[in-house]
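Read through the structure below, which is laid out as structure tokens, and then see the notes.
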Amino acid sequence: MSTRRCNTDNTCLSFQMAINRLELVKVEKSKIDERRKIGEQDMVRLMREKENAENTVTNLQQEIQVMSRMFEEYREQMEEKTSQMEEHLTLRAKEAEFLLTQSKKRVEEVETASELQSQLWSKKANTFRSFMDNQKLSIKDIRISSQSIKQEMFALQMKWRDEISNIGLDLKGLVDAAENYHGVLAENQKLFNEVQELKGNIRVYCRVRPFLPGQDGKSTAVDYIGENGEILISNPSKQGKDGYRMFKFNKIFNTHVSQAEVFSDIQPLIRSVLDGFNVCIFAYGQTGSGKTYTMSGPGKSKEDWGVNYRALNDLFDISLKRRNTFSYEVEVQMVEIYNEQVRDLLSNDIAQKRLGIWSTSQPNGLVVPDASLIPVKSTSDVLDLMEIGQANRAVGSTALNERSSRSHSILTVHVRGLDVKNGSTSRGCLHLIDLAGSERVERSEATGDRLKEAQHINKSLSALGDVIFALAQKNAHVPYRNSKLTQVLQSSLGGQAKTLMFVQINPDVESCSETISTLKFAERVSGVELGAARSNKEGKDIKDLLEQVASLKDTISRKDMEIEQLQVNKVKSPSSLTDKSGSSLLKQSSTASQQNQLISGSIGSGETEYEDNASDDGCSVGETEYSVGSASESAADRMQKGPSRLTRFFLTKNGQPAASRPKPKEPAPKTTTIGRRNSIASQVPTGASSIKPPKKRVVQ
Ligand SMILES: Nc1ncnc2c1ncn2[C@@H]1O[C@H](COP(=O)(O)OP(=O)(O)OP(=O)(O)O)[C@@H](O)[C@H]1O
């Protein structure tokens, strides 16, 4: 049993050991399985990697193939290029060789040429050397001859110096003579002016209008203007000597002369108005020749001002400077003569009556006493008044001028001066006249009203010519009465006034014949001697004496009036209506009146006559307060209506107007003038702008 037990134990142990070994094998087997699995996985992975590696190898092989192909191509190209380069280089080498040969040849040539050149230069140097030797010899000769010339020149210089000093002496003599000549000439001119002043010659200044814009192509008739007032006019329609005409006046203003320069030449004349002289300046010339330009100016700016504005401005300036010694009163009248009627340009009464003219001026210097007399205190007053006057002027257009003045305009400036220290007085009067154009009727192409105007203008200008002619001839009778213009100008042309005429000319050769006739007229005017101008100055004593004389004459006139009144009364009584012979007592009355006139006529030769403003159709009677009465009027009526010849005598004596007039004979128009004047004048002092221009009158 124990052995069996022991065997069983051994078997059990070996079984146990086999189980253990089995267990171990199992573990080993699982481990081997695991390892096998891992090996399989590795196998799969390796297989993949192998595949990848094979792919990479294949790719690489392909790339190697491509690269080797490219390399092959590149190598072939390079080989080709190399062969080309070789060819090119061979060519270049050949060229270089050729050039080298060429340049070698050239060098040889240059060497030959330079050799020739140097030979030439050496030849030239030899020639130049020989030339220089020759020159040196010539210079030597020249030096010798210049020395002799110098000596000759010196001798000549000495001779010339003597001669020049002789000429200098002669020249000095000539210069002295010339200086003396100028002095003598100036002296002559001065003496001539003095003689003219004494003779009272009418001064004539000629002004040439420039061509207007748009007239550039025109040719001028003015050939030459001298320094001493000569002007040469050429007339192309005439041949030779007849084609030229020379005129001489006191002064010629060429086209470029300014308004200020023109005025500066007449300034002294205008200033003499303040010293009691009467001055008359008128502009004459064909239509469009610049009369209005000279007298009034083309515009309102100060540079444009014509003689009118400048004259008044100057008068105010001087009166201001003299205010400590003199007191001046300035009054202005402006009238026009249109179709032989005198019109007041400063009146605001459009339907104004015709104005009368005193053939010699009244004591207060008024030629047209009815015209408005406006006191002015400053240039601006004047500017406004003239604007009114210009606006009232009759203008129209003609073929020769777009805005032609159809009337003669007369601006009169009255200046009364009082010497505040000694009481003496002066009275000066300045007439500034812009005449209407002196055109030929056919050239102005005038018809209808314009023709009538032109005829009146020409008639009055020819009357002016007749007066001038009579004065120049010193005729006993001067036909002043033939026109209103000559009546107004009578005291300036025939009195003791200083008179100046601007003769205006148009340079256009087409106006040549008008220019020549204008200048001929002016030539006659310059020959007129008026006698020395006299100043209207009165000392205080003379003034008092004149007043006494005036009052005595007034008494006489009153007595005469009484006598005449008595005679009238006699005539009125029925018993004495007719005398035995049956002649009218009215006739007696008029005879008495004539006697009075004879008395008065014998007392004073310088009596003043009053001209009515009758037109040729005789419609003036009673139109002005001064009209000479008609034959049917009684002497008494005439006495009451206006001054008789006797009363008028009191107004002047020997051409010298009395300073004061008897009260009852104070001319009625003066009152009317003042009345009318007030209507405008009352507005003047407050400011020129307050003057209202009356309605403009333009002649159609
Ligand atoms: N010196 C001048 N310088 C420049 N222009 C001038 C001059 N003189 C005249 N004129 C011009 O010539 C033209 C005619 O001048 P203006 O009207 O003064 O002539 P007029 O002689 O007064 O003519 P009318 O007799 O028809 O009135 C105007 O246009 C004016 O401006």
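Atoms within each ligand, like the ligands themselves, are counted from 1 in listed order.
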Contact check, Q504 vs ligand 1, heavy-atom distance below 4.0 Å: no
Winner among G290, S258, P298 once heavy atoms are compared against atom 15 (O) of ligand 1: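 Result: the heavy atom closest to atom 15 (O) of ligand 1 is in G290.
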Among G306, G297, G437, P210, closest by any non-hydrogen atom to atom 3 (N) of ligand 1: P210
Give a yes or no on whether a salt bridge exists between [X] and [Y], defined as a side-chain N under 4.0 angstrom from a carboxylate O.
X	Y	value
E340	K459	no
K248	E523	no
K291	D434	no
D275	R322	yes

Where on K291 is there a heavy atom closer than 4.0 Å to ligand 1, on the side chain, on the backbone, on both, or on neither?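 The answer is both.
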Could you give me the CA-CA distance, side-chain angles and deciding distance for S289 and N506, then say whether side chain to side chain donor-acceptor pair (under 3.5 Å) is met? CA-CA 5 Å; S289 57; N506 176 350; over 6 Å; no
Pairs meeting criterion side chain to side chain donor-acceptor pair (under 3.5 Å) with involvement of residues 258-268, two or more places apart: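 Sorted pair list: R207-Q259, K251-D265, S258-E261, Q267-D314.
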Non-neighbouring partners of F502 that pass ring-ring contact (aromatic ring centres under 6.0 Å, His included), sequence neighbours left out: none
Quick check, are the ring centers of F521 and Y284 under 6.0 angstrom apart?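 Yes, the ring of F521 comes within the 6.0 Å limit of the ring of Y284, centre to centre.
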[X] neighbourhood, listing ligand 1 atoms whose heavy-atom distance to it stays under 4.0 Å:
X	value
R207	1 (N)
T287	23 (O), 25 (O), 26 (O)
Q286	21 (O)

Below 3.5 Å, N or O to N or O, backbone or side chain included: is there any such pair between [X] and ligand 1?
X	value
Y293	yes
G288	yes
T292	yes
L212	no

